[in-house]
**Q** 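Before anything else, here's the structure in question.
None of these values were measured; they are calculated from a predicted model.
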Amino acid sequence: MNSIVCIKQVPNTNEVKINKETGTLIREGVESIINPDDKNALEAALVLKEQTGGTVTILSMGPPQAKAALKEGLAMGADEAWLLSDRAFGGSDTWATATILAAAIEKIGNYDIVFCGRQAIDGDTAQVGPEIAEFLGIPQVTYAKEIKPEENALRVTRFTENADLVYHVQTPCLITAIKELNDPRFPTVADIFRAYDEETDNIHVLTFADLSIDPTQIGLKGSPTNVYRSFVPVKDKQSEIIEGMNEKEKAKALMDKLAALKLF
Ligand SMILES: Cc1cc2nc3c(=O)[nH]c(=O)nc-3n(C[C@H](O)[C@H](O)[C@H](O)COP(=O)(O)OP(=O)(O)OC[C@H]3O[C@@H](n4cnc5c(N)ncnc54)[C@H](O)[C@@H]3O)c2cc1C
């Protein structure tokens, strides 16, 4: 089965710092990594290739630095890498991002499965995967924790809070991966040398001119989401030790406080 895996390069931090004046992320001094769920997506695609044959193609949209994420994906075992990079793509929200990724997937073509991570650790919306599936007009299963290949189809176990749901989905389809799906492999030394060989630029770059996209649907102007304000919530913890002679007295003092706060 042929897979295309969408890989996003993200800052390696859960504690996002925001520039108070511009409202944008402060990226300086923060290491960039492959979004963790995307590594699970790539691992699933590599396992499917081992089981059924086919190819694994990785795709990212971002500035030229995003090549580093694609190199790492190639070192893990991907066959081919594509980078979508153009100023016209800047400022895209999830709708515009998915529009661009879907157009690129159509251009690359010849796929059975599109893989995405469930969500990116910086944007955290979990919207891009489902939006790509809608734009491509293919079925989707999100939150995949197990995937088994079948004849022109997949058996996918989807995680939910209350129960696991088992789907039989026909290809071509889109799957979003969660960390429970697998343990991403470490690249071998030989694969690292192959991927990082400076003699060969093994990443295809696509620009706006290469894709059939309506320019009004991408970039800041084509983004229907307007960010009103970005801020890091202030963690305001107040604690109080309940004093008393014994447990009974302490429990009563606690109940009195809860009652005063109308919490009991
Ligand atoms: C109004 C607005 C303006 C914005 N302007 C900018 C900007 O100027 N610059 C900027 O960097 N960001 C900008 N963003 C953020 C940008 O929209 C998100 O980074 C992007 O849409 C992905 O959303 P997410 O991080 O929530 O991904 P999710 O939906 O949580 O990601 C799910 C999965 O989709 C795939 N995916 C997501 N993004 C990519 C990608 N770029 N390449 C490959 N695969 C991907 C991955 O597999 C990922 O695991 C803006 C957002 C908004 C709302």
Side-chain angles (χ1 to χ4, degrees), residues 1-8 34-61 70 73 76-82 84 94-120 123 125-185 206 211-213 217:
M1 284 188 178
N2 297 334
S3 301
I4 298 180
V5 188
C6 295
I7 284 180
K8 185 179 180 193
I34 295 181
N35 180 52
D37 286 346
D38 303 358
K39 276 198 173 175
N40 297 102
L42 177 53
E43 176 63 30
L46 294 169
V47 169
L48 273 177
K49 179 185 162 183
E50 285 157 7
Q51 291 170 334
T52 68
T55 56
V56 176
T57 300
I58 48 178
L59 171 65
S60 191
M61 181 178 104
L70 290 170
M76 278 177 71
D79 300 294
E80 211 180 298
W82 296 75
L84 287 155
T94 62
W95 171 277
T97 300
T99 300
I100 299 161
L101 290 171
I105 290 165
E106 264 173 351
K107 184 172 177 81
I108 296 166
N110 193 24
Y111 63 89
D112 301 295
I113 308 162
V114 177
F115 277 104
C116 286
R118 172 195 47 173
Q119 69 188 59
T125 65
Q127 292 175 1
V128 171
E131 285 170 342
I132 293 173
E134 285 298 313
F135 290 140
L136 293 174
I138 57 174
Q140 58 177 288
V141 183
T142 53
Y143 292 76
K145 61 178 276 196
E146 193 181 22
I147 300 172
K148 290 200 171 129
E150 294 180 343
E151 182 82 22
N152 298 325
L154 297 174
R155 187 176 183 276
V156 185
T157 307
R158 178 174 192 264
F159 169 83
T160 73
E161 271 182 22
N162 302 320
D164 284 353
L165 308 174
V166 180
Y167 289 85
H168 173 84
V169 59
Q170 290 198 316
T171 55
C173 62
L174 183 141
I175 307 286
T176 77
I178 58 173
K179 68 176 188 317
E180 289 77 6
L181 181 58
N182 51 41
D183 293 318
R185 68 194 61 190
L206 290 175
L211 302 175
S212 308
I213 319 179
Q217 296 296 304

**Q** Under 4.5 Å between any side-chain heavy atoms of Phe115 and Ile4, yes or no?
**A**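 Contact flag for Phe115/Ile4 side chains = no.
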
**Q** Name all pairs fulfilling the salt bridge (Lys or Arg N to Asp or Glu O under 4.0 Å) condition that reach into residues 39-57, sequence neighbours left out, sorted by first residue then second.
**A**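 Pairs touching residues 39-57 that pass the test: Lys39-Glu72, Glu43-Arg185, Lys49-Asp79, Glu50-Arg185.
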
**Q** On a heavy-atom basis, which atom in Leu101 and which in Met61 lie closest, and how many Å separate them?
**A** CD2-CB, 4.2 Å

**Q** How close do Ala44 and Ile147 get, counting heavy atoms only, and between which atoms?
**A**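 It is CB-CD1, 4.2 Å.
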
**Q** What pair of heavy atoms forms the shortest contact from Leu154 to Pro149, and how long is it?
**A**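 Heavy atoms only, the tightest pair is CD2-CA, 3.9 Å.
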
**Q** What heavy-atom pair brings Leu42 and Ala78 nearest, and what distance separates the two atoms?
**A** CD1-CB, 4.4 Å

**Q** Are the side chains of Gln140 and Glu134 in contact, using a 4.5 Å heavy-atom criterion?
**A**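 Yes, side chains in contact.
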
**Q** Taking Asp37 for its side chain and Cys116 for its backbone only, find out whether a donor-acceptor pair lies under 3.5 Å.
**A**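 A pair under 3.5 Å: no.
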
**Q** Check the pair Trp82 / Ile58 against side chain to side chain contact (heavy atoms under 4.5 Å, CB included), numbers first and verdict last.
**A** CA-CA 6 Å; Trp82 296 75; Ile58 48 178; over 6 Å; no

**Q** Does a donor on one side chain sit under 3.5 Å from an acceptor on the other, for Gln127 and Trp95?
**A** no

**Q** Report the distance from atom NZ of Lys148 to atom CD of Gln51, rounding to the nearest 0.5 Å.
**A**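 Answer rounded to 0.5 Å: 9.5 Å.
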
**Q** Under the side chain to side chain contact (heavy atoms under 4.5 Å, CB included) criterion, do Val5 and Asp38 qualify, and how do the steps go?
**A** CA-CA 8 Å; Val5 188; Asp38 303 358; 5.6 Å; no

**Q** Look up atom CG in Leu59 and atom CD1 in Ile108, then write down how far apart they are to the nearest 0.5 Å.
**A** 5.0 Å

**Q** Which pair of non-hydrogen atoms, one from Ile105 and one from Cys6, has the smallest distance, and what is that distance?
**A**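 Shortest heavy-atom separation between Ile105 and Cys6 comes out as CD1-SG, 4.2 Å.
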
**Q** Between CD1 of Ile7 and CD1 of Ile34, what distance do you get to the nearest 0.5 Å?
**A**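 The CD1 atom of Ile7 sits 4.5 Å away from the CD1 atom of Ile34.
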
**Q** Tell me every residue that passes side-chain contact (heavy atoms from CB on, under 4.5 Å) with Leu165, counting only those two or more places apart in sequence or in another chain.
**A**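 Testing Leu165 for side-chain contact (heavy atoms from CB on, under 4.5 Å), a comparison that skips the adjacent residues, returns Arg158, Thr160, Tyr167.
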
**Q** Just so I know, are the side chains of Leu211 and Leu84 near enough to count as touching, which here means a heavy-atom distance under 4.5 Å?
**A**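 Contact flag for Leu211/Leu84 side chains = yes.
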
**Q** Rounded at 0.5 Å granularity, tell me how far OG1 in Thr55 sits from CG in Asn2.
**A** 3.5 Å

**Q** Tell me the closest heavy-atom pair linking Asp164 and Lys145, and the distance in Å.
**A**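 Between these two residues, the closest heavy atoms are OD2-NZ, 2.7 Å.
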
**Q** Under 3.5 Å, side-chain donor or acceptor atoms of residues 168-184 against the rest of the protein: list the pairs with distances, not counting sequence neighbours.
**A**
from: His168; atom 1: ND1; to: Glu150; atom 2: OE1; distance (Å): 2.6
from: Thr171; atom 1: OG1; to: Asn152; atom 2: O; distance (Å): 3.2
from: Thr176; atom 1: OG1; to: Tyr143; atom 2: N; distance (Å): 3.0
from: Asn182; atom 1: OD1; to: Asn40; atom 2: ND2; distance (Å): 3.0
from: Asn182; atom 1: ND2; to: Asn40; atom 2: O; distance (Å): 3.0

**Q** How long is the gap from OH on Tyr111 to OG1 on Thr57, to the nearest 0.5 Å?
**A** 12.5 Å

**Q** How about Thr94 and Glu131: does a side-chain donor come under 3.5 Å of a side-chain acceptor?
**A**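 Yes.
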
**Q** For the CE atom of Met1 and the CG atom of Asp112, what is their distance to the nearest 0.5 Å?
**A** 6.0 Å

